Amino acid sequence: MVETLSKNPRVTGFGTLHRSTIGRKMIMAVSGLAMLGFVVVHMVGNLKIFFGETEFNEYAHWLRTIGEPALHHEWFLWIMRVGLIVALVAHFWAAITLSRHDVKARPVKYQAKRKGGYATTLMRWGGVTLALFIVYHILDMTTGTVNPATTNEPYDRITSGFGEWYNVVFYTLAMGALCAHIWHGLWSAANTLGWNRATTAGFRTFAVVFALAVAFGFLLIPYSVVFGLVD
Amino acid sequence: MKLKLKIWRQKNAVDAGGMVSYDLEGVSTDMSFLEMLDTLNEKLIMEGEDPVAFDHDCREGICGSCGVVINGDAHGPEQTTTCQLHMRSFKDGEEIIIEPWRAAPFPVIKDLVVDRGAFDRIIGAGGYITAPTGSSPEGNSTRIPKPDADAAFANATCIGCGACVAACPNGSASLFVSAKVTHLNLLPQGQPERTTRVLDMVEQMDAEGFGGCTNTGMCTVSCPKEIPFTSIANLNKEYRRAVQQSNKA
């Protein structure tokens, strides 16, 4: 017998799900869906930019006032951020521990290469790409550290940031990774959570269309800046 | 037909092993893949060499004993067992690379023979039902809805050959375990152990060192019995249900 997850005691409820492979996959699925929910709202909210500078900046400032006066200024955003960090850490922890377990299960590679099965590699490296992107994106659009804009206004940060060609290239690559990740991740999560229809052609198609729509929605903005629709 | 074979040779479990090339002539397109290997072994024996060890038993595609990875595909280019694969699926003069199932829980015993005892231990953990001894009960006294009977039967056709593990990039036994869990959990006879079965079998699957499922679907296209991929969704569903039940306990 190989040394593995094995030594873990048995799963005895949802609190101990992390002990098994399927439990860890369920943690990965739920945290992934939570982050996907955020990503979709983020994408739709971004489209406000097409209603002009004033409305977009107002929208961005309004986000900081959600829940007032029950919540203090920006508290809603911080609650969201903590939630997203928890989801991100859980997602990464599950991905890393499961990947290490998976690699150990296939110590000898085949001499003859076979076509297919790229999804696993794509998810692992795509996930790393997305993590690097998130760090850069926060430094670019949230803190403005690496953004060339002279003011702190969100609209200005977008038009200045995407005025640089390298930002457009990097954001395009990152959205490609995001699209691929949702493509496989959405129906995989449904399958992992035990939804019998996850593998039907209908749901697979839905996942593809959904992934493309999210990436397209995000990329509308940098390319609108490039082609002068937003300036 | 003439073939160039590259076969994994390994004297025993501790030998490092390596690929060895053989030229084989006089192969008929009507031969099964195993008969082709028999022809090679006859030649090797005549030349005083050690024949290539491989597992086989019924040669009818129903026992699950045979199975090698052929040009990177578990059971080769057709979706069937290695014994039911025929040489007409290959071209004259083709190079064929033959390797054993590769997975940490399936250690090589010799050449193309691997130890699949891990599957037996998973079955021992929960792949059974409790049945009273004595004479068998009247067959029609337990009624089963037709869709359940059909789905249970489709999953019961799993012969435990291990092709799913061999084909999976993670060496995962999810398809095998899902077939057994789906088969038994659907039927009235499987109900007493419905909750413990899935928890115990998954625990044993993890303990043996099989990888996790990443939903690549490589298993189901290699499965000679065409166990559907939805069985894995069903395994996850049964697992979720069992965890919920154990939460209450």
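These numbers were taken from a predicted model, which means no experiment stands behind them. Per chain, numbering begins at 1; letters A, B, ... match sequence-line order.
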Is it the backbone or the side chain of B/P107 that comes under 4.5 Å from a heavy atom of chain A, or both, or neither?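 Neither; nothing under 4.5 Å.
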Using heavy-atom distances under 4.5 Å, tell me whether B/C168 contacts chain A through its side chain, its backbone, both, or neither.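 It is the backbone, since no side chain atom gets that close.
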side-chain hydrogen bond (donor to acceptor under 3.5 Å, both in side chains) contacts touching residues 205-225 of chain A (sequence neighbours left out):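 Listed once each, the pairs are A/T172-A/Y223.
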Under a 4.5 Å heavy-atom cutoff, which of [options] has the most pairs with chain A?
{"options": "B/T230, B/V221, B/T216, B/N215", "answer": "B/N215"}
{"options": "B/F229, B/Y239, B/F106", "answer": "B/Y239"}
{"options": "B/P228, B/G212, B/A242, B/A167", "answer": "B/G212"}
{"options": "B/V69, B/N234, B/N71, B/V202", "answer": "B/V69"}
{"options": "B/V165, B/L199, B/I98", "answer": "B/L199"}
{"options": "B/A166, B/S174, B/P100", "answer": "B/A166"}

Under 4.5 Å between any side-chain heavy atoms of [X] and [Y], yes or no?
{"X": "A/L17", "Y": "A/F14", "value": "yes"}
{"X": "B/M1", "Y": "B/M87", "value": "yes"}
{"X": "A/F218", "Y": "A/V39", "value": "yes"}
{"X": "B/L85", "Y": "B/L34", "value": "no"}
{"X": "B/V20", "Y": "B/K6", "value": "no"}
{"X": "B/E226", "Y": "B/T220", "value": "no"}

Are more than 12 heavy atoms from other residues, nucleotides or ligands located less than 6.0 Å from atom CZ of B/R88?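 Yes, because the 6.0 Å sphere around CZ of B/R88 holds more than 12 heavy atoms from other groups.
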Name, in order of residue number, those residues of residues 177-189 of chain A that have a heavy atom at a distance of less than 4.5 Å from a heavy atom in chain B; otherwise write 'none'.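 If one takes a 4.5 Å heavy-atom cut-off, the residues of residues 177-189 of chain A near chain B are A/H184, A/W187, A/S188.
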Which of residues 120-141 of chain A get closer than 4.5 angstrom to chain B, counting heavy atoms alone?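 If one takes a 4.5 Å heavy-atom cut-off, the residues of residues 120-141 of chain A near chain B are A/T120, A/R124.
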For the pair [X] and [Y], find out whether any cationic side-chain nitrogen is under 4.0 Å from an anionic carboxylate oxygen.
{"X": "B/R194", "Y": "B/E238", "answer": "yes"}
{"X": "B/K4", "Y": "B/E94", "answer": "no"}
{"X": "B/D55", "Y": "B/R116", "answer": "yes"}

Please list, chain by chain and in numerical order, all residues satisfying salt bridge (charged side-chain N to carboxylate O under 4.0 Å, His left out) with B/K146, sequence neighbours excluded.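 B/K146 satisfies salt bridge (charged side-chain N to carboxylate O under 4.0 Å, His left out) with B/D150 once adjacent residues are dropped.
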Counting heavy-atom pairs under 4.5 Å with chain B, which one of A/V103, A/T199, A/T16 comes out on top?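 Heavy-atom pairs under 4.5 Å are most numerous for A/T199.
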Most contacts with chain B, counted as non-hydrogen pairs under 4.5 angstrom, among A/A198, A/P107, A/G194: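 Top count of heavy-atom pairs under 4.5 Å with chain B: A/G194.
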If you round to the nearest 0.5 Å, how far is NZ of B/K225 from CG of B/L175?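 It is 13.5 Å, given to the nearest 0.5 Å.
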Under a plain distance cut-off of 3.5 Å, with no hydrogens placed, do B/T195 and B/Q245 share a side-chain donor-acceptor pair?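 No, because no side-chain N or O of B/Q245 sits under 3.5 Å from a partner of the opposite role on B/T195.
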Examine whether an atom of A/K113 lies under 4.5 Å from a heavy atom of chain B, and if so say whether it belongs to the side chain, the backbone or both; otherwise answer neither.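 The answer is the backbone of A/K113.
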What about the rings of B/F176 and B/F210, do their centers lie closer together than 6.0 Å?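 Centroid distance B/F176-B/F210: not below 6.0 Å, so no.
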